[in-house]
Amino acid sequence: MVEIELDGKKVDIVEGSMIMHAADKAGTYIPHFCYHKKLSIAANCRMCLVDVEKAPKPMPACATPVTQGMIVRTKSDKAIKAQQSVMEFLLINHPLDCPICDQGGECQLQDLAVGYGGSSSRYEEEKRVVFHKDVGPLISMEEMSRCIHCTRCVRFGQEVAGVMELGMIHRGEHSEITTVLGETVDSELSGNMIDICPVGALTSKPFRYSARTWELSRRKSVSPHDSTGANLIVQVKNNQVMRVVPLENEDVNECWIADRDRFSYEALNSDERLTQPMLKQGGQWQAVDWQTALEYVANGLRQIKTDHGASAIGALVSPHSTVEELALAGALVRGLGSENIDYRLRSADFTPAGGIRWLGTSIASLSNLQRVLVVGSNLRKDHPLFAQRIRQATRKGAAVSVIASSNELPSRDAWAMALAGVTTVAASGWAQALADVATAIGAEKGVSAPVQGSASDEAKAFAQSLLGGERKAILLGNAAAHHADASRLLALAQWIGEQTGASVGYLTEAANTVGAQWANALPGANGLNAGQMLSGGLKAVLLLNNEPEFDSAAGARAAAGLEHAQMVVTLSPFKANLAISDVLLPIAPFSETPGTFVNAEGRIQSFHAVVKPRGEARPAWKVLRVLGNMLGLSNFDFETAQDVLASVRGADAGATHIAADRLSNAAPADVDLSKAVADAAAPVTASIYQLDGLTRRATSLQLTADARGAAHAALGVWPGQHPVLDEVTA
């Protein structure tokens, strides 16, 4: 530790730290633009100049290391005059367009100009003009004349997103930020550049000119997409979601969010919203009131139970639904005497688990891993914020190895991080690849592998990597979880983890995959699993917040399977499943209902509604509660969503995480490691902007390169090979 004097106060700080770090620790604000705690130090804005005793000139606080006994003054005349001079230079070319700038009201330059800028300028020359650039549907670079060349966006792309898509070209007054790899910015984390831009050079294209920042109410929420559980601030005007930005939480999402967390709000205000209950009569959809719709559903369930038995009723529920919704859906089905409920819509292996499948470690620990083996995941697209953390680990020297098919790993560069080893093999060969690694580890340690494989040079390299280091994890991705041989993959991964000291866990697909298990949205004894229900095993089907055609392994075949049902009830925020449903019940999306999501590490995160439900939509937990009451079921007397959550929590009231004794990634004991599942189809996974109904209906996300690439991939062609699709997705 080093002791310095900062504005008359003694501060102890770790040796090698900068003056800026000492100021942060002491609670002293030093004005700055280019410095950001999550990015490398560039020291190119010079706004943080401070007075260091015995230094001949002011020094940049962000780039000046502390030394024992150093005396620093941040408020001396020397420091203030230096900062005022820098501000004067920054404003020479900055346009005077604050009244129309989207950054107005939350602009660092605007704020600091009040304290350090002059009331007039000595410069009367014409201001320079930088021409705008079209970099895609998410980021607006229309006013690059505002740019002060702090290079935060450049460093973010290079260091956090992993792709240096922006760079600075030319010199002096001709310097400008522009794209350097392609014409557009295509990173799945690109929206964070908007947040870290200290001026109005980079703004949100979907939000552009929609509202002034001081008109917006700010409310906390949680992302309904992947299993990170990113914390959000949802900004609202006139009962409409206008913008979504990150809420900092170092243990979960740090200060970043993925683009689908940021821009999927467009779907909340789309024309595809279902705003009133509807019944299909004579093949035509008719709007009805809630009483009529619910009575139709209740009478239909009673009749089908009488005619075909309770086992003919079931629910297919989405892991993007809240814990409260999933718990009541299960209670409704079980109250009728059925055990047919499942959230595993994309799975092919339905072997019962001995506990709740989870990440196997904390999210924060991903940033400090030294050895990582990822199986069956397009990590960067499936879990952008997990990939970001592991990317930081590789920058510290971590070795990341991958077993995946060409879908998950089209090239070594696809993950935008250094990879120590890559095995690209068809999904049917993943178990064999793990067996080979296990064999190599067994040979190295002198123990018998659980199943004999081939200790190839590649397998030996993987084994050596996992046997080294201290902090290690084996992570099974979405494709591994959905695999027909998922149990065997898990058993092999567990053996490797035990031998190497690595944690083993699932990245988990959806916002509430862990919560769905906690709420027991799983078939009970003799209950049908999702695959059986989608194959036509039911007479009455409840579809909670999902579209089987897009959200299940059955895909287009789901319609044929559900044709056998006499009544299909869709509970959705959108006009979904029109061809297969008999009843549409409008439910509130995450922004319009209180609820709880449990992320991959088992963290329980509750949130409130940020706006009122649109039209006649109602929170799904209320719809299910009323339906239970109409059917005369017991234990449906909940007054609030918190009451429903309390019934799931049981004795763990107030806990921030699911109890450790309920979390388990142990493989089933009866798995035959020597026998592969015959004729296993390739696992079904969703592309980054097809994960759920919200992202599918967010216009700007569907215009991105990732979404256009997924559309081509669905037809088995690449851009340029299909003129009609190229024109549609252009």
Side-chain angles (χ1 to χ4, degrees), residues 221-222 224-225 239 241 264-265 267-279 285 287-298 301 315-333 341 343 345 510-512 515-516 519 521 541-548 550-551 567-578 580-597 607-630 636 638 640-641 644-645 692-697:
S221 192
V222 178
H225 304 302
N239 201 47
V241 175
S264 65
Y265 75 87
L268 301 173
N269 309 318
S270 74
D271 293 336
E272 290 194 53
R273 283 294 302 273
L274 179 64
T275 57
Q276 57 190 122
M278 302 184 79
L279 293 179
W285 285 104
V288 297
D289 58 59
W290 270 105
Q291 185 69 24
T292 301
L294 291 175
E295 285 179 355
Y296 181 92
V297 174
L301 291 173
L316 291 163
V317 296
S318 168
H320 297 279
S321 299
T322 66
V323 168
E324 294 82 355
E325 293 164 0
L326 295 167
L328 286 178
L332 180 70
V333 170
I341 179 171
Y343 76 92
L345 304 182
N512 214 18
V541 187
L542 299 178
L543 299 176
L544 175 60
N545 205 21
N546 67 84
E547 299 164 78
F550 306 108
D551 295 329
M567 183 175 70
V568 177
V569 181
T570 291
L571 293 87
S572 174
F574 303 104
K575 298 169 185 173
N577 303 325
L578 296 178
I580 59 176
S581 298
D582 300 291
V583 188
L584 297 180
L585 301 179
I587 61 171
F590 82 104
S591 58
E592 299 169 12
T593 180
T596 302
F597 291 138
F607 53 91
H608 298 287
V610 300
V611 292
K612 295 177 182 178
R614 188 169 175 180
E616 292 298 312
R618 295 293 181 266
W621 73 269
K622 287 188 175 182
V623 175
L624 292 166
R625 181 199 64 187
V626 173
L627 197 53
N629 291 333
M630 295 176 73
F636 269 80
F638 303 104
T640 65
V644 183
L645 179 62
D692 55 61
L694 279 173
T695 55
R696 285 194 291 269
R697 292 171 173 83

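If you're wondering where the values come from, they're calculated on a predicted model, not measured in any experiment. These values consider heavy atoms only, across backbone and side chains, with no hydrogens, waters or symmetry-generated copies.
- Asp551 pairs by the side chain to side chain donor-acceptor pair (under 3.5 Å) definition with Arg346, Arg696, not counting sequence neighbours.
- Partners of Ser581 according to the side chain to side chain donor-acceptor pair (under 3.5 Å) rule, which considers only residues two or more places apart in sequence or in another chain, are Thr570.
- Residues satisfying the side chain to side chain contact (heavy atoms under 4.5 Å, CB included) test with Val333, not counting sequence neighbours, are Ala315, Ser338.
- For the pair Ala329 and Leu624, the tightest heavy-atom approach, listed with the atom from each and the gap, is N-CD1, 3.8 Å.
- With sequence neighbours left out, Phe636 forms a side chain to side chain contact (heavy atoms under 4.5 Å, CB included) with Leu328, Ala331, Leu332, Asn629, Leu633.
- A pairwise comparison of heavy atoms in Ala521 and Val317 identifies CB-CG2, 4.0 Å as the closest pair.
- Looking at residues two or more places apart in sequence or on another chain, you find a side chain to side chain donor-acceptor pair (under 3.5 Å) between Thr292 and Asp289.
- Taking Glu295 as the reference, Gln291 meet the side chain to side chain donor-acceptor pair (under 3.5 Å) condition, with sequence neighbours excluded.
- Applying the salt bridge (Lys or Arg N to Asp or Glu O under 4.0 Å) definition to pairs two or more places apart or across chains, those involving residues 607-616 are Glu616-Arg618.
- The shortest heavy-atom contact between Ala267 and Phe574 is O-CE2, 3.4 Å.
- In terms of heavy atoms, Gln276 sits closest to Ala287 at NE2-CB, 3.1 Å.
- Here the side chains of Phe590 and Ser221 are in contact, with some heavy-atom distance below 4.5 Å.
- Judged by distance alone, with hydrogens and angles left aside, the side-chain atoms of Asn546 form no donor-acceptor pair with the main-chain N or O of Tyr343 at under 3.5 Å.
- Remark: Ala519 engages Val323, Leu326, Ala327 in a side chain to side chain contact (heavy atoms under 4.5 Å, CB included) (not counting sequence neighbours).
- Side-chain N/O atoms of His225 and Thr695 include no donor and acceptor closer than 3.5 Å.
- Taking Thr593 as the reference, Glu325, Ala588, Pro619, Trp621 meet the side chain to side chain contact (heavy atoms under 4.5 Å, CB included) condition, with sequence neighbours excluded.
- Among residues two or more places apart in sequence or in another chain, the salt bridge (charged side-chain N to carboxylate O under 4.0 Å, His left out) test is passed with Asp692 by none.
- Using a 4.5 Å cut-off on side-chain heavy atoms (C-beta onward), Thr322 and Val644 make no contact.
- The salt bridge (charged side-chain N to carboxylate O under 4.0 Å, His left out) test applied to Glu592 returns Arg273, not counting sequence neighbours.
- The two atoms that bring Ala511 and His320 nearest to each other are N-ND1, 3.9 Å, heavy atoms only.
- In plain terms, the two heavy atoms of Ala576 and Arg697 that are nearest each other are CB-NH2, 4.0 Å.
- Listed by chain and residue number, Phe597 satisfy the ring pair (Phe, Tyr, Trp, His ring centres under 6.0 Å) test with Phe607 (two or more places apart in sequence, or in another chain).
- Residues Trp290 and Val623 form a side-chain contact, since some pair of their non-hydrogen atoms from C-beta on lies under 4.5 Å apart.
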